[in-house]
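So the structure is just underneath, and the comments pick up after that.
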2 protein chains.
Amino acid sequence: MTTIKDIARMADVSRTTVSRVLNESPAVSKEARERVHRIIEETGYIPSEHAKSLRTKKTKVIGVILPRLSTETTTRVVSGIDRELGKKGFQILLASSDLNINKEVEHIKLLESRRVDGIILLATNTLEPIKTAVSEAKVPVIVVGQEFPDAICLMYDDFRASYDLTNLFIKKGYKKIGLISVDEKDEAVGYWRKKGYIKALEEAGLPIEKSWQAEGAFTIESGYSAMKAIWEQSDTKPDSIVSATDRMAIGAADYLNDVGVAIPDDIGIAGFGASELSQYAKPALTTVDYYNEQGGIEAARILLEEMENPAVKKNKKNILKYGLIERNSL
Amino acid sequence: MTTIKDIARMADVSRTTVSRVLNESPAVSKEARERVHRIIEETGYIPSEHAKSLRTKKTKVIGVILPRLSTETTTRVVSGIDRELGKKGFQILLASSDLNINKEVEHIKLLESRRVDGIILLATNTLEPIKTAVSEAKVPVIVVGQEFPDAICLMYDDFRASYDLTNLFIKKGYKKIGLISVDEKDEAVGYWRKKGYIKALEEAGLPIEKSWQAEGAFTIESGYSAMKAIWEQSDTKPDSIVSATDRMAIGAADYLNDVGVAIPDDIGIAGFGASELSQYAKPALTTVDYYNEQGGIEAARILLEEMENPAVKKNKKNILKYGLIERNSL
DNA sequence: CTGTTAGCGCGTTCAA
DNA sequence: TTGAACGCGCTAACAG
């Protein structure tokens, strides 16, 4: 691999001069500049960002820790991050945790060892290990999707969104509203979405019936099973289902279809996430749009701000907007 | 930021010894090792991979260049790459080209400047600039999805897949088979899938009718428009449509639905990609599964092999498997 | 088992 | 306008 030294020798100047040309310093004679440029052209020399970073302490790389690559939500967020960061010449170093909680912590260390300028964590839980890892990190960390007490967070308003969505059910005249949720370790999706649902029911004086509730695990299949469980375990059936994710809603709809229950005539259903699937399902699924790509953009902006201007506004909590998309499943 | 030097001083040993501890060299006394470990623990010291790479010439990072993050195909491939590479301790540096052809070339340089150990290019075209950029790269590059003459490639068998799929139409008794394709700059999707379609029709002696063909641009909307164009421009209507992508097929189905044409009763349709959408569309879409995640895994393996053992089997072309998924749209 | 010395490829004083 | 010298944090060769 050719280095700055080689270029210097070939162009008959010092390394310093080559460095100056590379960094477009004006203090170089035209002749020297041209000679250097020519040699660089000929050799196809590419300066090492590594060596550069070693001096400058900046890598222009930020790390993104995510649960899985293969969900729409995460890819949209990452896409937003990438678009925003790309403008400023940053690149993304990926670290997928495969839903393995230990890995999230490891990845923070790993990214730090690579001296990333900052980290964006698409969080899936609020357990202690990851929270302390974030607090102890020596680079700025932005947490997306969950609330961490001592960190800069960017959260979806899961409680209010769920509350609003459930109220939409109520407005439409549904009385026996069931729920498919997920493990509460995922506070945002498991706990807050359930909480919003319950709050709305309470305020409306509607029954909160255990047998109309079941837990899934994000997948379509788990939604199918959860719906099946509800259907088989409930004495009087629910007349509608709030599903904590679109995919589980799709699975639930599949089950209902299999047992000959019509949507929305016999039962209403809605999800969260504004997935593509929700849009093209038949009937199209009512859902909550979290504007994930915008979320990624915001996360990137906040991180950039924090990197330029650290410690100014720590502990800040940012709440993202959301919107209800009414379609034909309700 | 604390460095190896600080640790050495605090543990009262030389930097070398610290380095040895870090790299688990056996040639360190138990006492020294423990002292160093303790100090590392206390300070939260994390070695700089940068400085390390500068010496060792290995970064344990590979670059992935992709058109857009937000398509199932790419995320599946990247997911496969990540899974396979993760096992060996590699990480992925992302470079998304936003479908901008110039950016692909830039990104190769950029990744080289970061001294990635290798590059996987999810290629979208076979134009000259990117081909020469790949040839001139100083690190191993694996090209996925397109055929580059002088590079190590991993290709889907688009021609045969399309040929097989079209023959499935023929077997089912369709006679007036139309096509929604894409720009032929994308050789794999645009050119070869069209070619396979034509070959099958020719062999069966079926008409190849221009007015049954239109070009989309991957999106659902463009599929809708393409179908509309076909429907409005053709005198006698086609009885079926091969769509070069699932998403365009979904769009086409939407249009047909809008004008009251029933699938599969009035017209048959099929796509490529085995997208989730295809599975949950009503009716479920017949499609070609390219096993993208497996493709990513293979790409990673080939790259690892090439990095360990360069120049042994250059110019190798690898063809990936595919499978037809028959559902209810035909 | 341990430390000294010498770079890796670059940016940055400081003098000239 | 230029270059020598130094250091970024680390590994590796060589002596001890």
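Numbered from 1 within each chain, the chains take letters A, B, ... in sequence-line order. Hydrogens, waters and symmetry mates play no part in the numbers below; they use all other heavy atoms, side chains included.
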Q) Quick one: is C:dG9 close enough that its OP1 or OP2 comes under 4.0 Å of any side-chain N or O from B:Lys57? A) yes
Q.
Does a side-chain N or O of B:Thr17 approach OP1 or OP2 of C:dG3 to a distance below 4.0 Å, or not?
A. yes
Q | Atom pair OG1/CZ of B:Thr75 and A:Arg68 - distance to nearest 0.5 Å | A | 9.5 Å
Q. Strictly by modelled atom types, are A:Gln146 and A:Thr126 linked by a side-chain donor-acceptor pair under 3.5 Å?
A. no
Q.
In the structure I gave you, are the side-chain heavy atoms of B:Val61 and B:Arg114 within less than 4.5 Å of one another anywhere?
A. no
(Q) Let's test your reading of the model: under 3.5 Å, does the base of D:dG3 pair with the side chain of A:Arg20 as donor and acceptor? (A) yes
Q) How many Å lie between CD on A:Glu49 and C1' on D:dC8, as a whole number? A) 15 Å
Q | Presence of donor-acceptor pair under 3.5 Å, side chain of A:Ser14 and base of D:dA4 | A | no
Q. Are a donor atom and an acceptor atom from the side chains of A:Asn292 and A:Thr73 found within less than 3.5 Å of each other?
A. no
Q. Atom CG of B:Leu22 to atom C1' of D:dC10: distance rounded to whole Å?
A. 10 Å
(Q) Quick check on DNA chain D: between B:Val18 and A:Arg35, whose nearest nucleotide comes earlier from the 5' end? (A) A:Arg35
Q.
Under 3.5 Å, is there any donor-acceptor pair linking the side chain of A:Arg15 to the base of C:dG9?
A. no
(Q) If I take atom CG in residue A:Leu54 and atom P in nucleotide C:dC8, what distance separates them, rounded to the nearest angstrom? (A) 14 Å
Q.
Check this for me: does the side-chain of B:Arg55 come within 3.5 Å of the base of C:dG7 through a donor and an acceptor?
A. yes
(Q) From CZ of B:Arg33 over to C1' of C:dG3, roughly how many Å is that when rounded to an integer? (A) 17 Å
Q: Rounded off to whole Å, could you give me the NZ-to-P distance for the A:Lys138 and D:dG9 pair?
A: 14 Å
Q: Grab the NZ-C1' distance between B:Lys58 and D:dT11 for me, whole Å please.
A: 14 Å
Q | Rounded distance (Å) that lies between atom P of C:dT12 and atom CD of A:Glu24 | A | 14 Å
Q: Go through the N and O atoms of the side chain of B:Ser19 and the base of D:dA12, and report whether any donor-acceptor pair is under 3.5 Å.
A: no
Q) Can you find an N or O donor on one side and an acceptor on the other, under 3.5 Å apart, linking the side chain of B:Thr16 with the base of C:dT4? A) yes
(Q) Just the rounded figure in Å: distance from C1' of C:dC10 to CZ of B:Arg114. (A) 15 Å
Q. Can you tell which of C:dT2, D:dG9, D:dG3 lies closest to the side chain of B:Ile4?
A. D:dG9
Q: Drop me the distance from B:Asp117's CG to B:Lys60's NZ, to the nearest 0.5 angstrom.
A: 8.0 Å
Q) Is the shortest side-chain N/O distance from A:Lys5 to OP1 or OP2 of C:dG7 below 4.0 Å? A) no
